[in-house]
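Along the sequence shown, residues are numbered consecutively beginning with 1.
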Amino acid sequence: TISATDVTSGVASAVLWIENLTSNAANNTQYAMSNASGGQAIWNLTIGINSTFIDGNYTFWTNVTDSAGNWNLTGIRFQIDRTAPTVTLAGPANATNSSTRTIALNWTATDNMNLSTSCDVRVNGTIVNASASANNTNTRVNYTVAGDGRYYWNVTCYDNAFNSTTSSTRNFIADTI
């Protein structure tokens, strides 16, 4: 709902449009407000955010002009992000034998909109580390196992829109004996 009031000279017009700041392409459909009376205009409008709105940063603009020619331009920024980050395990390779109980778990998370993602490292189904992962940068966590044996690990990363992806699951073998 958009409400515009000018008790002195009355609302003459109001226009709304949405601008895509990511690709510099605009949704140039303008929506004109009508039925202004008594210096006030109240406007209810539903705009469906559908597939014509690609992932990106947008500004929802309104420009209201009164009968005297005075105007006010207001913008509200928002982001559309339907794409989950990707997660690629870098190491250790699947079925790696380790002669120590501390092993470096490495991955890279890449997101289309965010500079970093939040990532959970799971070993045998339990989260053992939660950390930020810089976009498209190798992230490393050193994990110490309780004892010898086979361990299964994966990484789940979330972007700011809570889209998530879980990597493939790998295993490593701790054999210190």
Side-chain angles (χ1 to χ4, degrees), residues 1-3 14-31 43-64 72-96 98 100-146 150-172 174:
T1 300
I2 299 171
S3 175
V15 176
L16 163 119
W17 70 98
I18 299 172
E19 177 184 17
N20 181 330
L21 302 172
T22 304
S23 68
N24 293 324
N27 172 352
N28 288 319
T29 303
Q30 295 189 359
Y31 306 91
W43 186 38
N44 292 307
L45 174 69
T46 301
I47 299 172
I49 303 298
N50 55 35
S51 61
T52 61
F53 288 89
I54 61 172
D55 286 4
N57 296 304
Y58 290 83
T59 302
F60 177 89
W61 292 103
T62 57
N63 186 8
V64 178
N72 181 280
L73 177 66
T74 301
I76 299 171
R77 292 187 179 208
F78 65 97
Q79 185 180 78
I80 295 175
D81 182 0
R82 296 181 188 99
T83 305
T86 60
V87 183
T88 305
L89 300 181
N94 198 40
T96 293
S98 175
T100 67
R101 288 199 174 153
T102 300
I103 191 153
L105 307 176
N106 297 277
W107 72 93
T108 300
T110 304
D111 189 68
N112 66 326
M113 298 294 297
N114 303 120
L115 297 176
S116 67
T117 56
S118 299
C119 298
D120 296 334
V121 178
R122 287 181 172 81
V123 175
N124 291 344
T126 301
I127 296 174
V128 298
N129 180 276
S131 59
S133 184
N135 195 32
N136 206 25
T137 302
N138 187 60
T139 303
R140 175 184 171 150
V141 169
N142 290 324
Y143 176 70
T144 302
V145 300
R150 184 177 303 269
Y151 294 85
Y152 296 88
W153 72 286
N154 62 32
V155 178
T156 301
C157 293
Y158 307 84
D159 64 16
N160 290 345
F162 299 105
N163 299 309
S164 67
T165 298
T166 300
S167 70
S168 60
T169 298
R170 290 187 181 176
N171 72 78
F172 61 89

Q | Thr108 versus Thr137, closest heavy-atom pair with distance | A | CG2-N, 3.7 Å

Q. Which value, rounded to the nearest 0.5 Å, describes the distance between Asp120 atom CG and Ser131 atom OG?
A. 8.0 Å

Q.
To the nearest 0.5 Å, what is the distance between CD on Gln79 and OH on Tyr58?
A. 10.5 Å

**Q.** Cys119 versus Val155, closest heavy-atom pair with distance
**A.** CB-CG1, 4.0 Å

(Q) Please enumerate all residues that pass side chain to side chain donor-acceptor pair (under 3.5 Å) together with Thr83, with sequence neighbours excluded. (A) Asp55

Q: List in chain and number order the residues that pass salt bridge (Lys or Arg N to Asp or Glu O under 4.0 Å) with Arg101, two or more places apart in sequence or in another chain; answer none if no residue qualifies.
A: Asp148

Q: Would you indicate whether the side-chain heavy atoms of Val145 and Phe172 approach each other to under 4.5 Å?
A: yes

Q) Quick one: salt bridge (charged side-chain N to carboxylate O under 4.0 Å, His left out) pairs with a partner in residues 124-141, sequence neighbours left out? A) none

Q: Give the minimum heavy-atom separation between Ala146 and Tyr151, together with the two atoms involved.
A: N-OH, 3.9 Å

(Q) Test of understanding: with side chain to side chain contact (heavy atoms under 4.5 Å, CB included), list the residues that count as partners of Ser164, not counting sequence neighbours. (A) Thr156, Tyr158

Q: Report the residues that fulfil side chain to side chain donor-acceptor pair (under 3.5 Å) with Asn114, sequence neighbours left out, ordered by chain and then residue number.
A: none

Q) Between Thr110 and Asn135, what is the shortest heavy-atom contact and its length? A) CA-OD1, 3.2 Å

Q: Just jot down the side chain to side chain donor-acceptor pair (under 3.5 Å) partners of Thr144, sequence neighbours excluded, or say none.
A: Thr102

**Q.** Results of side chain to side chain donor-acceptor pair (under 3.5 Å) for Asp159 - residues two or more places apart only
**A.** Asn163

Q: Taking ring pair (Phe, Tyr, Trp, His ring centres under 6.0 Å) as the test, write out the residues that go with Tyr143, two or more places apart.
A: none

Q) Does Ala132 have any side chain to side chain contact (heavy atoms under 4.5 Å, CB included) partners at least two apart in sequence or in another chain, and if so, which? A) none

Q: Please answer whether the main-chain N or O of Tyr152 pairs with a side-chain N or O of Asn124 as donor and acceptor at a distance below 3.5 Å.
A: yes

Q.
Test side chain to side chain contact (heavy atoms under 4.5 Å, CB included) on Asp111 and Asp81; report intermediate values, then the result.
A. CA-CA 10 Å; Asp111 189 68; Asp81 182 0; 4.1 Å; yes

Q) Checking Asn154 side chain against Ser167 main chain: does a donor-acceptor pair fall under 3.5 Å? A) no

(Q) Checking Asn63 now: which residues fulfil side chain to side chain contact (heavy atoms under 4.5 Å, CB included) with it, not counting sequence neighbours? (A) Trp17, Thr65, Trp71, Leu73

Acceptor/donor pairs from residues 84-95 side chains to any protein atom, 3.5 angstrom cut, sequence neighbours excluded:
| residue | atom | partner | partner atom | Å |
| --- | --- | --- | --- | --- |
| Asn94 | OD1 | Asn171 | N | 2.8 |
| Asn94 | OD1 | Asn171 | ND2 | 3.3 |

Q) Do the side chains of Met113 and Asn57 get nearer than 4.5 Å, heavy atoms only? A) yes

Q: Could you tell me the separation between the CG atom of Asn129 and the CG atom of Leu105, rounded to the nearest 0.5 Å?
A: 9.0 Å

